[in-house]
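Written out below as structure tokens is the structure these notes cover.
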Protein chains: 2
Amino acid sequence: MMENILVIDDEEELRTTLVEVLVREGLAVQEAANADQALTMLKSAPFHLILLDMVMPGTDGMSAIPLIRKQAPRTRIIVMTAFASVQNAVHALQQGADDYIVKPFKIEALMLAVRRNLQKARFLDGEAVELDGVFHGLANAMRRQILLVLDRQGQSRFMDLVRLLEVEDHTKVNFHLKVLREAGFIEHGKDKTYALTAAGHRAASCLSFISGSLTP
Amino acid sequence: MMENILVIDDEEELRTTLVEVLVREGLAVQEAANADQALTMLKSAPFHLILLDMVMPGTDGMSAIPLIRKQAPRTRIIVMTAFASVQNAVHALQQGADDYIVKPFKIEALMLAVRRNLQKARFLDGEAVELDGVFHGLANAMRRQILLVLDRQGQSRFMDLVRLLEVEDHTKVNFHLKVLREAGFIEHGKDKTYALTAAGHRAASCLSFISGSLTP
DNA sequence: CTGCCTTGTGAAGAATACTTCACAACTCTC
DNA sequence: GAGAGTTGTGAAGTATTCTTCACAAGGCAG
């Protein structure tokens with residue numbers, strides 16, 4: 001799937017360079033010379049990522065951020081700022097930008113940021129399965145219990161687990177263990193014990209974070 | 001539903017007082033004079049909460065914690081320590097205790113801790129609906145998108161939302177909005193716009209926490 | 001007022017997820 | 001090696017969740 005990028009910069013030379021590089025990377029790129037033009041383009045087609053210059057005649061980059069956000073809340077915005085001012089960058093992020101890069105930059109540095117943000121966008125878009133996996137894993141009360149117990153126990157044999165959970169039907173536990181295993185949260189060691197994987201521990205910590213943040 | 005509590009303390013007088021108070025609170029209380037006795041009792045019946053004295057002849061409280069944890073990973077453990085030593089308390093928590101209270105304590109202070117921990121236990125047990133609600137809310141990709149968008153937008157009218165999400169069928173969005181509304185995550189203002197509630201913002205922050213913790 | 005966009009409901013069906021049951025291999029202990 | 005407890009599979013049924021469709025009330029511009 002080709003990903004759409006919009007480059008917003010008033011300097012034609014830089015813009016052209018950027019477009020060239022991005023196209024070579026296999027991305028669909030469009031360009032805008034100012035914020036108003038960009039906003040119009042946003043209306044007609046959605047973009048995955050926007051490269052936004054801060055200093056522009058007319059609506060400047062900083063003011064453009066919330067306007068873009070308003071129309072395209074899921075698009076990743078990378079701001080390009082000529083001043084290595086931390087405040088500037090922080091402010092841009094507060095306005096709703098996702099990342100920033102300081103001019104002048106090397107092309108590789110920019111591409112790194114672009115790739116990172118596209119990946120993040122894909123991830124948040126749910127194209128990456130992982131988020132769904134985590135929520136699927138955590139969506140069920142028994143699976144949460146299993147994660148909780150294994151997080152505390154370290155590891156456990158099957159029937160011990162069943163007893164700790166106080167479940168009558170062991171096959172039910174089995175079912176959920178299989179789900180968790182397929183989600184990559186637990187592993188089944190050679191000694192026949194179940195234990196959390198790294199992902200499992202992360203999921204468990206998500207769980208306790210959520211529990212914590214719900215009891216104020 | 002009556003909740004089971006186990007009081008572990010070698011001083012008979014204090015133990016009796018505690019039992020009396022807890023029973024008056026409507027709780028099912030059992031008592032043990034030492035750790036070994038307690039561990040035996042744990043085998044036969046599950047407890048929701050354990051009050052554990054630190055200083056005891058034989059196996060002391062600190063060493064008892066992991067043994068109890070091993071057998072009852074979901075039981076809340078409150079340790080009662082006579083020394084107001086922070087290190088002691090921290091160590092106990094590291095061993096797997098959930099809370100601590102410094103002796104001598106007022107009965108009200110203890111009851112506060114007991115109630116707080118029972119509530120937490122209930123919560124983690126899934127008797128409180130809330131956790132399930134959150135996960136149900138977050139379990140679906142479209143609902144996550146909605147939370148994300150509303151978190152960024154602040155508020156949005158229905159068709160705007162539909163367009164931002166790039167969904168063809170508006171009734172599908174409608175369905176998930178209803179789910180989120182019933183979960184208490186969004187509210188439907190009089191001006192016909194949807195916005196996140198406090199719980200909704202919390203859920204959104206859970207979401208971004210999880211997203212963040214999955215991309216290292 | 002007419003027509004179009006917005007916003008919403010409810011029911012039917014498709015798709016998933018969960019539970020339960022019947023059964024079997026396997027590992028201990030005696 | 002007999003028997004009891006452990007561990008696991010798969011199929012069938014049940015419940016829940018999600019999608020889709022058909023339809024309609026209300027608002028607003030021309």
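In what follows, every chain begins at residue 1, and chains take the letters A, B, ... in the order their sequences are listed.
- Distances shown here put a side-chain N or O of N140(B) below 4.0 Å from the OP1 or OP2 atom of dC18(D).
- Taking the side chain of R163(A) as heavy atoms from C-beta on, and the options dT6(D), dC21(C), dT7(C), the nearest nucleotide is dT6(D).
- Atoms CE (M159(B)) and C1' (dC4(C)) sit 12 Å apart, rounded to a whole Å.
- In this structure, CZ of F158(A) is placed 14 Å from C1' of dC26(C), rounded to the nearest angstrom.
- Salt bridge annotation for D9(B)-R15(B): absent, with no cationic side-chain nitrogen under 4.0 angstrom from a carboxylate oxygen.
- Between H170(A) and the phosphate of dT7(D), there is no side-chain N or O to OP1/OP2 separation shorter than 4.0 Å.
- Here H176(A) lies in heavy-atom contact (under 4.0 Å) with sugar-phosphate atoms only.
- Atoms CE (M142(B)) and C1' (dT20(D)) sit 13 Å apart, rounded to a whole Å.
- Distance, F135(B) CZ to dA17(C) P: 17 Å, rounded to whole Å.
- Between the side chains of D60(B) and S63(B), at least one donor-acceptor pair of N or O atoms lies under 3.5 Å.
- Contact check, R157(B) against dG27(D): no side-chain N or O comes under 4.0 Å of OP1 or OP2.
- For H188(A) and dG8(D), the shortest distance from a side-chain N or O to OP1 or OP2 is below 4.0 Å.
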